[in-house]
Amino acid sequence: MDKAYNSSQESEIYELWQNSGAFTPIVPKNPKQAKLKDNPYSIILPLPNANDPMHMGHALFTIQDILVRYHRMLGQPTLWLPGGDHAGIETQFVFEKRLAKEGKSRFDFDRQTLYKMIWDFVEENRKLNQFQMKKLGFSMDWTRYHYSLEEPIVENVLATFKKLYSDGLVYRDEKIVNYCTFCGTAFSNLEVDHKTVASHLWYIKYGPLTVATTRPETMLGDTAVAVNPKDKRYKDLIGKTITLPLVNKEIPVIGDDSIDIEFGTGAVKVTPSHSLEDYDMAKKHNLEFVRIFDYDGKSNNNVPEKYRGLFPNQVRQMVIDDLTALGLMEKIEDYSHEVGHCYRCGRPIEPITAPQWYVKIDKLAKPAIEAAKTSQIKFFPTRFKKTYTTWMENIRDWNISRQIVWGPRIPAWYCLDCNPDIKLNFLDKNKEVVSGFYKDLKGKYSVEEIKNGLQSLVAPVDADFTVDHLDHCPKCKSTSLIQETDTFDTWFLSGQWPLSTLGFNTANSSKSSPDFDYFYPTTVMDTLWDILFFWVARMTMFGLYLTGNVPFKTVHLHSKVTDAKGQKMSKSKGNVVNPLDVTEKYGTDALRMSLVYGIAPASDFVVSEDKIRAQRNFVNKIWNASRFVEMLIDRLNPSKISLDIDKSKLTDADKNILDKLNQIIISTTKNLETYHFGQASEDLYQFFWKDFCDVYIENAKDRGEETIPILLTVLETSLKLLHPFIPFITETVYQNLQGKFNFKKELLISSSWPNEIKY
RNA sequence: GAGUCUAUAGCUCAGUUGGUUAGAGCGCUUCAUUGACAUUGAAGAGGUCAGAGGUUCGAGUCCUCUUAGACUCACCA
């Protein structure tokens, strides 16, 4: 045997496991009945973005591997189901950055071509991703791997959309949305980052009163001024009109309780099309909507000519200059406030009215709240239960439409002849961009040409549509049907992941697969808490809505990986540690152990090279302890070697180590059951190094052969206890021992979890 | 604005329902070792557990306040 452990044979060990079938649980013929007796254990992998090479966050799947390996050793039929996510906007954004390097943009391609290009881009990375997870030793069932754009998965997601629609839970509406003009799509509230921005409060004279605003440029779209009815200063103005400067248009003064008398001047300009609060106020008071910024981020024809075709910050400066010149700028104060930014590209969000698809969320949220309150779903750490329910109780309707290409299109079809006001953007046969309403394009371009070069369409909010793909319009019999170009929010798809991957059939639940019957609800969902709302909440709602049952019984949330100084790893900080580099240098086990060692539940995972090196040393310690035991045994005739402990001859040292061993069996089991991985790994480390190596083995050196049964017992049991954490070294040593003494013939991965030693 | 969390050794962090001299890794000091392991062993230095008050026979652990920081959520001009 080598003097030091060599981790280069990890991939051979992995193949040994995989070929043994240990990763692939067998589902019995009568899954529903067998389930009670078998108590299957299942975890669905939080599907990594297929475009994303592994980072330390993925290495945290180690936690799931620990759980899965432990429960497998307990004898439960155990499934860990891996997958990959097309990851909608994330992937398209990365891909567009690539295009930009080549001097191109999404506008240079029709959507079919763009989709194909992104598809190929993802395919390259997907295999890499799988290879990397194997490197980290994850005992996933690769025979059940799923990709989010597989046809059956997408079919099922579309069926869910239809079901929601027929249940009256899907609707279109033209509300204010969070729109990123750079990314070219709307976002849900969750995808908006609020940042404090140091700006100004501009006081602008509107005839007899003065308004204070943080966005002077939007005044061009004002359709009212609001004051508090209790405000004596303005009481008499309510119901009258004033002249909007620069636009020279009469707008009403309205009274609304929501106006804070103390703030600014107590008078607020109302821009219904570009402010969430103003939108609500306009709905309430039946005000006019004037949208002045378009989806491309530039001002449109609804503003006086000189301000047209400009970005908001350009319009702002002009408006400020013009108002100042007219003597209408009363004063400017410094003011800092919260502004929504695109979580993806970091640019300011433009609140804008746009037709979008929504899911009515109340009916879905209620059972999901109940499930948490009644502990059908348990949270670990428990404090996240409150975070979850509070969010769920304040949830709003979910905007599920994204104006991007990468993802399944919403299955709705419009008749162009019935809806001539549909706006179309496409590349004609000469690859020139054409943009306009169908009523103006009809005759000039064939529907075929439009469809082939289609980039996007915007249907009026009241447009007729069908959710079935028909040959002709049920109303006018026209065959000029065109599918919605909006795609689903990626979480709409991944929110159904536990269902789709286990083979639940939305359209006909009785046709669901045996896997679903056997493994649903899954046992644990382990994920980073930053996607608690994005993903965990959505999975819960979909699970309950579609099956009446929760998708997982326990949610185990953990935090991010940081560097030695506690800083989040990021490319810009240059402190990113690539997990694959670490496994090359120190071995996978050292990385896995250092990730969980001494980490408190739900706190950050601190990874430093020092720590990894320390764990590499630990792995090597195990190697050398086994080497010592083997050397001792080499002096004996193999047939005399036995694990049987002669109780009558035990010394104090023997009893001491066996007591300690029993303690560590109990505490490790308990710690694994309660998700105290940090404690478990730390205790095992101490036990093996101090109690076993430093004390007992030193003692054994003076005694010799009589200690062999104890040495073997403690070593074998330790390997089992450590296996979930550091599978490679433990399996390697286990196989070496077996090869040498033939005391058992099994893989450690499939061996049974130890019970207390009786002596 | 609402909520959550954190403060323990030079550094990064453990400390599971309150119970004897508060722990680990790395770092530091001294010594040892050619036979499992220098990826080692032995010994050691180093903390008024952020501050103040309270509950208790007993508080790093529970409660209140103060200070400092982190994060999440949020349509206020």
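From a predicted model like this one, the values you see are computed outputs, not experimental measurements. Numbers restart at 1 for each chain; the letters A, B, ... are given by sequence-line order, proteins then strands.
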Categorize [X] for me: base, sugar-phosphate, or nothing, with a 4.0 angstrom heavy-atom threshold over every strand shown.
| X | value |
| --- | --- |
| A:Arg383 | sugar-phosphate |
| A:Phe533 | sugar-phosphate |
| A:Thr213 | sugar-phosphate |
| A:Tyr5 | nothing |
| A:Tyr597 | sugar-phosphate |
| A:Ile259 | base |
| A:Phe692 | nothing |
| A:Ala4 | base |

Separation between the [atom1] atoms of [N] and [M], rounded to whole Å:
| N | M | atom1 | value |
| --- | --- | --- | --- |
| B:rU6 | B:rG15 | P | 10 Å |
| B:rA59 | B:rA52 | P | 15 Å |
| B:rG25 | B:rG3 | P | 41 Å |
| B:rU30 | B:rG69 | C1' | 39 Å |
| B:rG41 | B:rA36 | C1' | 12 Å |
| B:rA9 | B:rG60 | C1' | 14 Å |
| B:rC13 | B:rG53 | C1' | 29 Å |
| B:rG18 | B:rC37 | P | 47 Å |

Contact under 4.0 Å: [X] side-chain N or O vs [N] OP1/OP2:
| X | N | value |
| --- | --- | --- |
| A:Lys611 | B:rC13 | no |
| A:Lys701 | B:rA36 | yes |
| A:Arg627 | B:rC37 | yes |
| A:Asn617 | B:rU40 | yes |
| A:Lys621 | B:rC37 | no |

Quick check for you: among [options], whose closest atom lies nearest to any side-chain atom of [X]?
| X | options | result |
| --- | --- | --- |
| A:Asp694 | B:rG41, B:rC26, B:rA36 | B:rG41 |
| A:His194 | B:rU39, B:rA74, B:rG41 | B:rA74 |
| A:Lys386 | B:rU4, B:rU39, B:rA42 | B:rU4 |
| A:Trp529 | B:rA74, B:rC71, B:rA36 | B:rC71 |
| A:Ala614 | B:rC37, B:rC73, B:rG25 | B:rG25 |
| A:Glu682 | B:rA14, B:rC37, B:rG25 | B:rA14 |
| A:Asn189 | B:rU40, B:rA74, B:rU72 | B:rA74 |
| A:Glu698 | B:rA36, B:rC5, B:rA74 | B:rA36 |

| query | In terms of the nearest nucleotide of RNA chain B, which residue is placed more toward the 5' end: A:Lys269 or A:Gly678? | reply | A:Gly678

| note | Of A:Asp193 and A:Leu201, the one whose nearest nucleotide on RNA chain B sits closer to the 5' end is A:Asp193

| request: Please collect all side chain to side chain donor-acceptor pair (under 3.5 Å) contacts where either partner lies in residues 191-206 of chain A, sequence neighbours excluded, each pair once. | output: A:Ser188-A:Glu191, A:Glu191-A:Arg402, A:Thr196-A:Glu338, A:His200-A:Asp334, A:Tyr203-A:Glu333, A:Tyr206-A:Asp222

In the strands shown, is [N] matched to any nucleotide by a Watson-Crick or G-U wobble pair with both distances under 3.5 Å, and which?
| N | value |
| --- | --- |
| B:rA70 | B:rU4 |
| B:rG18 | none |
| B:rA42 | B:rU30 |
| B:rC65 | B:rG51 |
| B:rG25 | B:rC11 |

| Heavy-atom side-chain contact between A:Leu201 and A:Thr213 under 4.5 Å | no

| When you measure from the centre of the six-membered ring of A:Tyr358, is the NZ or CZ of A:Lys175 under 6.0 Å away and within 45° of the axis? | yes

Got a list of protein N/O to nucleotides 15-20 of chain B N/O distances below 3.5 Å?
unit_1	atom_1	unit_2	atom_2	d
B:rU16	O2	A:Asn671	OD1	3.4

| message | For A:Glu262, is the CD atom crowded, meaning more than 12 foreign heavy atoms sit under 6.0 Å from it? | response | no

| In whole angstrom, what separates A:Asn699's CG from B:rG41's P? | 17 Å

| Can you name the closest pair of heavy atoms from A:Pro272 and A:Thr353 and give their distance? | O-CG2, 4.3 Å

| query | Taking all atoms of both residues into account, what is the closest heavy-atom pair of A:Ser7 and A:Gly587, and its distance? | reply | OG-CA, 3.5 Å

| field | Side-chain ion pair, A:Lys284 and A:Asp257, N-O less than 4.0 Å | value | no

| query | Does A:His341 have its ring centroid less than 6.0 Å away from the ring centroid of A:Tyr343? | reply | no

| query | With a 6.0 Å cut-off on ring centres, are A:Phe677 and A:Phe725 close enough? | reply | no

| query | Taking N and O atoms by type only, does the side chain of A:Glu338 place a donor or acceptor under 3.5 Å from a partner on the base of B:rA74? | reply | yes

| said: Can you tell me how the ring of A:Phe688 sits relative to the ring of A:Phe618, calling it parallel under 30°, perpendicular over 60° and tilted otherwise? | reply: perpendicular

